[in-house]
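Please read the structure below before turning to the comments.
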Amino acid sequence: MQNNLFIYNSLSKKKELFKPLHSSFVGLYVCGPTVYSDAHLGHARPSITFDLLFRYLTHLEYKVRYVRNITDVGHLENDADEGEDKIEKKARFEHLEPMEVVQKYMNSFNKNMEQLNTLHPSIEPRASGHVIEQQELIKILIEKGYAYEINGSVYFDLLKYNKEYHYGKLSGRVLEELQSNTRALDGQDEKRNSFDFALWKKATPEHIMRWPSPWSDGFPGWHLECSAMSTKYLGDEFDIHGGGMDLQFPHHECEIAQSTAALGKEPVKYWMHNNMITINGQKMARSLDNFITLDQLFSGNHPVLQQAYSPMTIRFFILRAHYRSTIDFSNEALQAAEKGLQKLMKAIETLNKLKPSASSTIDVTTLEKKCYEALDDDLNSPILLSHLFEGVKFINSVVDGSEKIDDPGLEALKDLFNTFVFEILGLKDETTGKGDEKLTGELMKIIVDLRQDSKNNKDWATSDKIRTNLKNAGIELKDLKDGVDWERE
RNA sequence: GGUCGGUUAACCGAGUGGCUAGGUAGCGGUCUGCAAAACCGUUUACGGCGGUUCGAAUCCGCCACCGACCUCCA
């Protein structure tokens with residue numbers, strides 16, 4: 001299997017040619033959400049970024065196992081390891097069983113992801129379903145001397161680990177500096193060092209989510225689940241690990257430390273991190289309370305939103321920027337994305353109605369090559385889109401008569417748009433399927449005929465009245481050179 | 001304070017040494033009974049100061065501003 005895909009590896013800080021560990025198989029692990037509230041715009045970024053990667057690798061005929069976890073336990077409020085489990089906190093707040101909270105927000109997350117047309121991962125494991133695997137991992141770490149137990153809790157010994165390996169290589173940290181820069185937090189007394197992190201926490205009496213273990217009735221630390229589940233489903237070593245840039249430290253460093261200590265080798269070949277979505281120049285995050293949920297975007301129901309934005313507008317908005325750049329939220333940018341997407345979709349509709357000529361003035365092969373080059377260059381979706389818009393201009397020029405396309409070219413161009421727009425970028429036409437298309441078509445034909453009669457009689461008042469009233473009803477008429485086109489707004 | 005990244009035209013957003021990115025919004029034109037759409041043309045760029053080079057948005061240095069991480073976060 002061959003490819004020219006270069007991806008930016010956060011570990012080496014360079015673009016590297018992607019070579020999978022096992023020729024035709026790819027193992028991909030992406031950090032999923034902690035399910036304690038509705039998904040917001042920020043959550044759409046990694047989902048869409050790695051959906052694009054998943055789709056492209058699949059298109060390249062790799063057999064991809066895409067694992068995205070659901071964090072439904074053990075996620076503490078702060079790294080003092082004395083905080084409150086987010087899910088339990090929410091459960092008390094909403095008077096629900098913790099697992100009810102998990103189910104509720106897992107469902108809404110999945111619904112939102114389907115709306116965004118992201119493909120389901122191959123496996124969506126839940127941390128709560130892998131407590132045994134996590135405990136096994138802890139046992140290995142204790143045996144090998146990388147973890148220690150105190151008062152029923154188990155911590156990772158970073159000082160010991162750092163003697164043999166380099167903790168901080170992904171995020172460019174040095175342990176000694178971390179020690180001096182770590183803020184003084186309460187409740188760290190029992191750890192040997194402030195930077196050691198919890199693998200297992202003994203539950204306080206009021207803590208509901210708890211599991212028996214050799215050390216105490218308790219629950220696993222956050223970083224552990226990803227190590228345990230990625231190893232279980234993708235093996236000791238796998239190809240790509242993805243997630244948001246904000247997870248690089250400490251989460252991904254801890255993952256590397258846990259897996260490397262337990263297995264004696266580094267687990268991940270390529271680390272990929274998507275950048276953040278900002279609002280007013282600041283990161284959008286639940287903890288900063290400046291987020292807009294996806295449901296709010298889809299409905300327009302939020303004070304800062306001037307209108308509703310469809311799921312595909314959001315998807316297009318995100319694909320318009322490279323995944324390693326920040327995207328600043330604004331109504332203007334979203335409206336521009338909406339218009340651009342409409343233009344693209346309209347052109348594809350036009351393409352399917354195009355009549356071939358005897359000759360062609362376009363080289364589809366070159367265009368296709370440029371599209372692949374864009375994706376191969378670290379998934380450069382904005383460049384890919386700029387090439388597709390070249391195609392859009394060409395399609396419209398054929399209608400206009402200034403360009404021509406022959407039958408093979410037409411088929412190739414249709415194929416190209418199909419492949420890149422729908423299959424790889426994962427966009428879809430949102431206008432179809434509304435109402436009774438067939439009947440509407442028949443009725444529109446009658447109305448357009450009647451209007452043509454009045455136009456032939458130069459009865460502009462009537463023809464304009466028909467057009468205006470249709471517009472008020474949400475249908476726009478366009479008088480073309482030969483015939484009339486109409487579309488829903 | 002430490003580490004890292006960013007600053008591109010009205011807005012968004014690509015681009016790593018010479019070649020029109022693209023989208024949205026303006027403006028002018030073609031087409032049209034008018035309009036819309038489309039097409040053609042077009043206006044504001046590379047934070048500042050220095051350096052390297054025949055040539056820099058792109059490389060180097062300094063400065064300014066913004067942000068991310070250093071607590072949970074996608």
Side-chain angles (χ1 to χ4, degrees), chain A residues 13 30-34 36 39-50 68 71 75-81 83-84 86 168 171-174 177-178 180-183 185 195 222 242-251 273-278 281-288 291 316-317 320-322 324-341 343-344 346-347 350 374 377 380-390 392-393 395-403 455 458-460 463-464 467-468 471 476-481 485-487:
Chain A
K13 306 205 172 9
V30 176
C31 289
T34 306
Y36 66 94
H40 62 73
L41 181 57
H43 291 102
R45 190 94 193 259
S47 300
I48 289 170
T49 298
F50 294 104
R68 183 178 64 201
T71 298
H75 208 154
L76 301 169
E77 280 286 305
N78 62 57
D79 210 27
D81 297 324
E84 197 171 14
K86 286 188 170 175
S171 57
R173 320 257 159 156
V174 179
E177 288 174 7
L178 277 174
S180 55
N181 284 327
T182 302
R183 289 184 214 174
L185 293 165
F195 45 63
W222 172 41
M245 266 183 193
D246 50 351
L247 297 180
Q248 220 172 54
F249 188 91
H251 183 55
H273 292 95
N274 63 274
N275 216 320
M276 302 291 108
I277 291 180
T278 59
Q282 195 182 38
K283 183 175 81 162
M284 186 180 285
R286 286 191 278 216
S287 53
L288 295 171
F291 61 90
F316 189 81
F317 172 69
R320 249 162 44 107
H322 188 257
R324 284 189 289 112
S325 303
T326 53
I327 304 179
D328 198 47
F329 163 86
S330 72
N331 280 285
E332 292 75 15
L334 277 166
Q335 282 157 13
E338 184 178 55
K339 290 265 181 69
L341 178 64
K343 185 172 175 172
L344 179 64
K346 251 185 250 176
T350 307
D377 186 13
N380 200 327
S381 52
I383 291 289
L384 171 58
L385 284 170
S386 80
H387 294 320
L388 291 172
F389 274 103
E390 280 178 42
V392 167
K393 195 167 184 176
I395 291 164
N396 288 327
S397 295
V398 171
V399 177
D400 209 52
S402 55
E403 302 276 3
K455 280 178 75 177
K458 297 206 189 302
D459 178 5
W460 309 125
S463 71
D464 285 355
R467 187 171 59 191
T468 308
K471 187 162 173 62
E476 191 164 17
L477 286 185
K478 281 177 270 189
D479 291 327
L480 305 175
K481 267 184 184 148
D485 197 12
W486 62 270
E487 67 183 31

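So that the names make sense, note that chain A is the first sequence line, chain B the second, and so on, each numbered from 1. Side chains included, hydrogens not; waters and symmetry mates left out as well; all remaining heavy atoms used.
- Looking at heavy-atom distances under 4.0 Å, Arg173(A) makes contact with a base.
- Looking at heavy-atom distances under 4.0 Å, Gly42(A) makes contact with a base.
- OP1 or OP2 of U24(B) lies within a sub-4.0 Å distance of a side-chain N or O belonging to Lys343(A).
- Contacts of Gln282(A) with the nucleic acid, taken as non-hydrogen atoms under 4.0 Å apart, involve only primed sugar atoms and P, OP1 or OP2.
- Here the side chains of Glu476(A) and Trp486(A) are not in contact, with every heavy-atom distance at 4.5 Å or above.
- One P atom belongs to C49(B), the other to A57(B), and the distance between them is 13 Å to the nearest Å.
- Remark: the separation of the C1' atoms in A9(B) and A25(B) is 13 Å, to the nearest Å.
- The listed nucleotides are A37(B), C12(B), C73(B); the one nearest the side chain of Trp222(A) is C73(B).
- Looking at Phe50(A) and Arg68(A), their side chains never come closer than 4.5 Å, going by heavy atoms from C-beta outward.
- For Phe249(A), whose side chain is taken as the heavy atoms from C-beta onward, the closest listed nucleotide among G23(B), A74(B), C70(B) is C70(B).
- C60(B) and C69(B) have their C1' atoms separated by 27 Å, with the value rounded to a whole Å.
- Heavy atoms of Leu388(A) sit nowhere under 4.0 angstrom from any nucleic acid atom.
- At a threshold of 4.0 angstrom between heavy atoms, the contacts of Ala285(A) include nucleobase atoms, whether or not backbone atoms are also involved.
- When distances are taken from the side chain of Ser287(A) to each of C72(B), A21(B), C40(B), the shortest belongs to C72(B).
- Between Leu384(A) and Asn380(A), the closest side-chain pair of non-hydrogen atoms is not below 4.5 Å.
- As judged by a 4.0 angstrom heavy-atom cut-off over every strand, Ile327(A) is placed among residues touching the sugar-phosphate backbone only.
- When distances are taken from the side chain of Ala321(A) to each of G13(B), A74(B), G23(B), the shortest belongs to G13(B).
- With contacts defined as side-chain heavy-atom distances shorter than 4.5 Å, the pair His251(A)/Asp246(A) does not qualify.
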Q. Which dot-bracket string describes RNA chain B (Watson-Crick N1-N3 plus N6-O4 or O6-N4, or G-U N1-O2 and O6-N3, all under 3.5 Å; [ ] crossing; | other strand)?
A. (((((((..(((.....[...))).(((((.......)))))....(((((..]....))))))))))))....

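- A close approach under 4.0 Å does not occur between any side-chain nitrogen or oxygen of Trp486(A) and OP1 or OP2 of A37(B).
- If you measure from atom CG of Asn274(A) to atom P of A68(B), you get 15 Å, rounded to the nearest angstrom.
- Two residues are said to be in side-chain contact when any heavy atoms from C-beta on lie closer than 4.5 Å; Leu334(A) and Phe329(A) meet this criterion.
- For the pair Gln248(A) CD and G67(B) C1', the computed distance is 15 Å after rounding to whole Å.
- Looking only at side-chain heavy atoms (C-beta outward), Met276(A) and Arg45(A) stay at 4.5 Å or farther from each other.
- The closest side-chain donor-acceptor pair between Asn275(A) and Thr326(A), if any, does not fall under 3.5 angstrom.
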Q. In the 5'-to-3' direction, what one-character label does each nucleotide of nucleotides 5-10 of chain B receive under the scheme B = base within less than 4.0 Å of a protein heavy atom, S = sugar-phosphate only, - = no such atom?
A. ------

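- Within 4.0 Å (heavy atoms only), Ser325(A) reaches sugar-phosphate atoms of the nucleic acid but no base atom.
- The side-chain heavy atoms of Lys343(A) and Val392(A), taken from C-beta on, include a pair separated by under 4.5 Å.
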Q.
Assess the residue pair Asn396(A) and Asp400(A) against the criterion (side-chain contact (heavy atoms from CB on, under 4.5 Å)); give the C-alpha distance rounded to whole Å, side-chain angles, the decisive distance to 0.1 Å, and a yes or no.
A. CA-CA 6 Å; Asn396(A) 288 327; Asp400(A) 209 52; over 6 Å; no

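- Closest to the side chain of Ser397(A), out of C39(B), C70(B), C73(B), is C39(B).
- Aromatic ring orientation, Phe389(A) versus Phe316(A): perpendicular (interplanar angle above 60°, classes split at 30° and 60°).
- In this structure, the CG atom of Asp246(A) is 5 Å from the C1' atom of C73(B), given to the nearest Å.
- Considering only side-chain atoms of Phe389(A), the nucleotide from G22(B), C73(B), A38(B) that sits closest is G22(B).
- Contacts of Asn396(A) with the nucleic acid, taken as non-hydrogen atoms under 4.0 Å apart, involve only primed sugar atoms and P, OP1 or OP2.
- A donor N or O paired with an acceptor N or O is found under 3.5 Å between the base of C34(B) and the side-chain atoms of Asp479(A).
- Of the C1' atoms belonging to C54(B) and G26(B), the separation is 39 Å, rounded to the nearest Å.
- The base of C34(B) lies close enough to the side chain of Arg467(A) for a donor and an acceptor atom to sit less than 3.5 Å apart.
- Atom CZ of Arg324(A) is separated from atom P of A14(B) by 10 Å (rounded to the nearest Å).
- Note on Glu487(A) versus Lys478(A): salt bridge recorded, some NZ/NE/NH1/NH2 to OD/OE distance being below 4.0 Å.
- Counting only heavy atoms from C-beta on, His322(A) has its side chain closest to A14(B) among G23(B), A74(B), A14(B).
- Side-chain N/O atoms of Thr278(A) include none lying less than 4.0 angstrom from OP1 or OP2 on G67(B).
- Taking atom CZ on Phe317(A) and atom P on U24(B), their separation rounds to 16 Å, with Å as the unit.
- Put simply, CG on Leu288(A) is 15 Å from P on U71(B), counting in whole angstrom units.
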Q: Starting from the C-alpha separation in whole Å, work towards a yes-or-no answer on side-chain contact (heavy atoms from CB on, under 4.5 Å) for Thr278(A) and Met284(A).
A: CA-CA 5 Å; Thr278(A) 59; Met284(A) 186 180 285; over 6 Å; no

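- One interatomic measurement links the two molecules: CZ of Phe329(A) to P of G13(B), which rounds to 13 Å at whole-angstrom precision.
- Using a 4.0 Å heavy-atom distance criterion, Lys283(A) is classed as a base contact.
- With RNA chain B read from its 5' end, the first of the two nearest nucleotides for Glu476(A) and Ala337(A) is the one closest to Ala337(A).
- Residue ring and base: Trp460(A) counts as stacked with G33(B) (centre distance below 5.5 Å, interplanar angle below 30°).
- Atom C1' of G13(B) sits at a distance of 10 Å from the matching atom of A21(B), rounded to the whole Å.
- In this structure, CZ of Phe316(A) is placed 11 Å from C1' of C12(B), rounded to the nearest angstrom.
- Proximity of Asn380(A) to the phosphate of G15(B): a side-chain N or O atom is located under 4.0 Å from OP1 or OP2.
- Within the 4.5 Å cutoff, no side-chain heavy atoms of Phe291(A) are placed close to those of Leu41(A).
- Of the two residues near RNA chain B, Ala333(A) and Ser171(A), the one whose nearest nucleotide lies more 5' is Ser171(A).
- Heavy atoms of Met245(A) sit nowhere under 4.0 angstrom from any nucleic acid atom.
- Residue side chain Lys393(A) does not reach the base of C39(B) through any donor-acceptor N/O pair under 3.5 Å, judged by distance alone.
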